[in-house]
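Written out below as structure tokens is the structure these notes cover.
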Amino acid sequence: MTRTASYRALALRVRPSGEHREAEFLTAEEGIVRATVFGGPKSHLRSHVAPFHSGTLWIYRDPVKDTRRVNDFDVVSWRPGLRELYERAETAAAIAGLVLESRGGGGAFAAALELVRESLDALETADELCCPRILVRFMWNWAGALGQRPSLERCSSCACEPRDDEVLWFIRGEGLLCGDCARRTAAASGHYAGPALGAGARRWLRAVTNGGSVSRVSLDAASLAEAETLVRALIGLSGA
Ligand SMILES: [Zn+2]
């Protein structure tokens, strides 16, 4: 059995642990991988293993103690731009938190890694206005990776094709419903239907599905808020 394995990896979080550090990576091969980083403040490894760096990672596993340590990390993308603006750093940390919470995605780890890499690359040059849009776009596509993304084109209940200007309603366990179905479902269950997804938010979500630019389709503040409420509900971040 080989004790050293290599991964295509992105560092998500690094925390002090005694005199060493514990790092969490998203890898294309195994999803989330945790390993100890040995070395003092000036060591080469310590500067390489930092959040949002990505490249090729070598991990040594001790089969007896069942511990893992980082042997080397050949960083290809350093993403220094993420540290230049508060909003970028906050958004990147939010993305990392989501990825860790959902254990690296639904199992298609290579696609998950690509999605995270692409979002962080977009974030590197984003201004304050674009950062929240990149986060919402990430959550929308992450919900897709987790198999939790409803269709924007058809009512999840009656399968009708809503008009372009029609408001859709998200109901947990049902999906995105047309007005008629939302009313019927809400009346039957006694629960409020929502959140609502207006035409502007729907158009924008359609444009950013699978990585389209966040600026290709215009988005007003109300539509951004609708899209954000929906994606948070989809990935279980709120009680919606
Ligand atoms: Zn319907």
Side-chain angles (χ1 to χ4, degrees), residues 31 91 94-95 97-116 118-119 122-123 129-240:
T91 307
I95 289 174
L98 261 173
V99 173
L100 286 166
E101 215 170 281
S102 48
R103 298 165 193 272
F109 299 129
L113 177 63
E114 194 44 46
L115 182 55
V116 176
E118 195 276 329
S119 298
L123 208 51
L129 271 182
C130 272
C131 287
R133 295 171 188 217
I134 289 171
L135 180 59
V136 172
R137 180 184 69 163
F138 172 78
M139 291 194 283
W140 173 246
N141 287 313
W142 193 249
L146 296 173
Q148 294 168 3
R149 188 169 64 185
S151 168
L152 294 170
E153 316 304 336
R154 284 179 182 280
C155 166
S156 301
S157 179
C158 72
C160 73
E161 290 180 41
R163 297 185 318 273
D164 273 348
D165 62 350
E166 197 168 333
V167 175
L168 300 183
W169 305 83
F170 179 72
I171 299 183
R172 183 169 296 287
E174 301 282 340
L176 271 175
L177 305 190
C178 69
D180 287 344
C181 289
R183 256 189 303 279
R184 200 164 39 241
T185 307
S189 66
H191 290 130
Y192 168 73
L197 190 71
R202 185 147 64 104
R203 213 164 28 240
W204 184 81
L205 284 175
R206 193 184 287 135
V208 302
T209 299
N210 305 324
S213 159
V214 295
S215 314
R216 195 160 73 82
V217 166
S218 66
L219 183 71
D220 58 46
S223 298
L224 173 62
E226 285 176 2
E228 178 165 6
T229 306
L230 172 71
V231 295
R232 284 185 180 278
L234 290 179
I235 54 184
L237 282 181
S238 75

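The residues of the chain are indexed from 1 along the displayed sequence. Order of appearance sets the numbers: ligands from 1, and atoms from 1 within every ligand.
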Trace of the side-chain contact (heavy atoms from CB on, under 4.5 Å) decision for D164 with R203
CA-CA 8 Å; D164 273 348; R203 213 164 28 240; 5.7 Å; no
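- A side chain to side chain donor-acceptor pair (under 3.5 Å) check over residues 193-202, counting only residues at least two apart or in different chains, returns nothing.
- For the residue pair W204 / S223, no side-chain donor-acceptor distance below 3.5 Å is found, with atom types taken as modelled.
- Taking the side chain as every heavy atom from C-beta outward, P162 and L168 approach each other to under 4.5 Å.
- Of all protein N, O or S atoms, those under 2.8 Å from the Zn ion (ligand 1) number 4.
- Judged by distance alone, the side chain of S156 and the main-chain N or O of L177 form no donor-acceptor pair under 3.5 Å.
- A heavy-atom distance below 4.5 Å is not found between the side chains of M139 and L234.
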